[in-house]
Protein chains: 2
Amino acid sequence: MEEQEIKRRIIEGMKEKGLKLTRQRLEIIDIIAGEKSHPSASAILAKARNRAPMISLSTVYYTLDIMKKAGLIKELEFNDRDSRYEGDVSDHLNLVCTGCGKIEDFRAPRPVPSEKVEKKTGFRVDSARFEYYGLCRECRLGGG
Amino acid sequence: MEEQEIKRRIIEGMKEKGLKLTRQRLEIIDIIAGEKSHPSASAILAKARNRAPMISLSTVYYTLDIMKKAGLIKELEFNDRDSRYEGDVSDHLNLVCTGCGKIEDFRAPRPVPSEKVEKKTGFRVDSARFEYYGLCRECRLGGG
DNA sequence: GCTATAATTAGGAATCATTCCGAATAAAAC
DNA sequence: GTTTTATTCGGAATGATTCCTAATTATAGC
C-alpha cells in the first residue's frame, strides 16, 4: 500500500468517526504512513519531536489506541519488546527478525477464508495477524 | 495433537536438552498438555497449586521460558492481557475471542512455504504465529 | 543406595511498557 | 468569536514479567 493512500485512508477514517485532527495526530499519522519500519510508540514519539517539539508519550499512546480501535492501524504486540504499529491493515505476513527486531512485510493471502472459519466454528473474524519469526538476511550473514 | 503425544514430546525434548525433570516441571507439562484453553502463567500456577501446593510463580515463568527456548511450547503474547501458552507447536490458526479471551485452534496450513519466503527475501523462518481475532459463538450469541 | 555438584526453586524486590488521572488546552460546530 | 467537549500533558500508578540470592534437589558417578 502506498504512503499517500495510507495517510488519506487514516485521515478519512478519523473524520468519519468524528475524531479531531490535531497537530499531534497529523504528525503521528504522517510517521506511521511513511515508516516501513513498523515503529514503536517511543520511536514515533522521537520522530514526532524532531518536527514538533511538544508532544507527549501519553498522547502518542492515546492516539494509537483510538486509531487501533477504529481499525485504521494495526498493533503487533510482543512482551519482550515494545509493541509495533503499522498503517497497512491489509492482509500480509510480517517477517519479524529475532536478531535485530526489524519487521518486513511479505504479501500473502489468508490461510483460510473467514467465512469458512465462521461456518465451521461460529467464530466471527474481525482482524488477523500473521507472523514468521526468524533471522533477516543481514543478521544471518552478519551475526551467524 | 493428542494430549499424551504432547506430553511425551515435551518430556523427551527436556531430556535431550539435559533439562531436569522436577516435580514442578512435570506438573506444568501435564497442565499444558491437558489444557485446550491455552492457559496463562498464573492460570498454570493456580492449577498446579491444586495438586502440589508448593510451587511459585517464578518457577512457572522460568519453566515456561526454557521450554519456549527449547521450542517445546509456544507463547502467544498480548499486551492487554497475560501471555498464553500452548503445547501444540504444529502450524495452526488460533482464534482469539476479544470478548471472553478464549482461544480455539483451527487446523490450517501456512499461507506461504518458508522456503519461498527465504528465497525471495533472505529471511530464514524459525517459527510462526497465525491468529484471527473476533467473537466466539458464545460471545456473539450472548453479548451481541 | 549414597554423595557431590550444578541446575532449579522460592519469594520478594525491581523493571518498564502501558494505562490512568486531573487540570489545561484547542479543534470543531454554531 | 464563543462554546463545548474531546484532546493533550506529564507525572503517578499499574501489573505482568524479570531479576536476585539463598536454599533445595535431580542427576551422574561412585
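Letters A, B, ... mirror the listed sequences (proteins, then strands); counts begin at 1.
- The residues B:Lys47 and B:Asp30 are annotated as not salt-bridged, no charged nitrogen and carboxylate oxygen being separated by less than 4.0 angstrom.
- Rounded to whole angstrom, the span from the CZ atom of A:Arg25 across to the C1' atom of C:dA27 amounts to 10 Å.
- Atom pair B:Ile66:CD1 and C:dA6:P shows a separation of 18 Å (rounding to whole Å applied).
- In terms of modelled atom types and a separation under 3.5 Å, the side chain of A:Thr98 and the main chain of A:Gly134 share a donor-acceptor contact.
- Whole-Å rounding puts the A:Glu77 CD to D:dA16 P distance at 15 Å.
- Closest approach of A:His92 to A:Phe106, counting heavy atoms only: CB-O, 3.6 Å.
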(request) Determine, for nucleotides 25-30 of chain D in 5'-to-3' order, which nucleotides have protein heavy atoms under 4.0 Å from the base (write B), from only the sugar-phosphate (write S), or from neither (write -). (result) -BS---

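- Between B:Phe78 and B:Tyr133, the angle of the ring planes goes over 60°, which puts this pair in the perpendicular group of the 30/60° scheme.
- Nearest heavy-atom pair, B:Ile32 versus B:Glu86, reported as atom, atom and distance to 0.1 Å: CG2-C, 4.0 Å.
- For the pair B:Met14 CE and C:dA7 P, the computed distance is 14 Å after rounding to whole Å.
- A distance-only check finds a donor-acceptor pair linking the side chain of B:Arg9 to the backbone of B:Gly87 [under 3.5 Å].
- For the pair A:Lys17 NZ and D:dT7 P, the computed distance is 13 Å after rounding to whole Å.
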Detail all sub-3.5 Å separations between protein N/O atoms and N/O atoms belonging to nucleotides 17-21 of chain C.
unit_1 : atom_1 : unit_2  : atom_2 : d
C:dT18 : OP1    : A:Ser83 : N      : 3.0
C:dT18 : OP1    : A:Ser83 : OG     : 3.2
C:dT18 : OP2    : A:Tyr61 : OH     : 2.1
C:dT18 : O5'    : A:Tyr61 : OH     : 3.1

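- For the residue pair B:Ile55 and B:Ala48, the shortest heavy atom distance occurs at CG2-CB, 3.9 Å.
- Atom-to-atom, NZ of A:Lys15 to P of C:dA29 comes out at 10 Å; the value is rounded to the nearest Å.
- Here the shortest heavy-atom pairing between B:Ala108 and A:Val112 reads CB-CG2, 3.4 Å.
- Within the 4.0 Å cut-off from OP1 or OP2 of D:dT8, at least one side-chain nitrogen or oxygen of A:Thr63 is found.
- As a whole-Å value, the separation of A:Leu26 CG from D:dT7 P is 13 Å.
- Between the side chain of A:Arg110 and the backbone N or O of A:Asp91 there is no donor-acceptor pair closer than 3.5 Å.
- When the C1' atom of C:dA26 is taken as reference, atom CD of A:Glu27 falls 16 Å away, rounded to whole Å.
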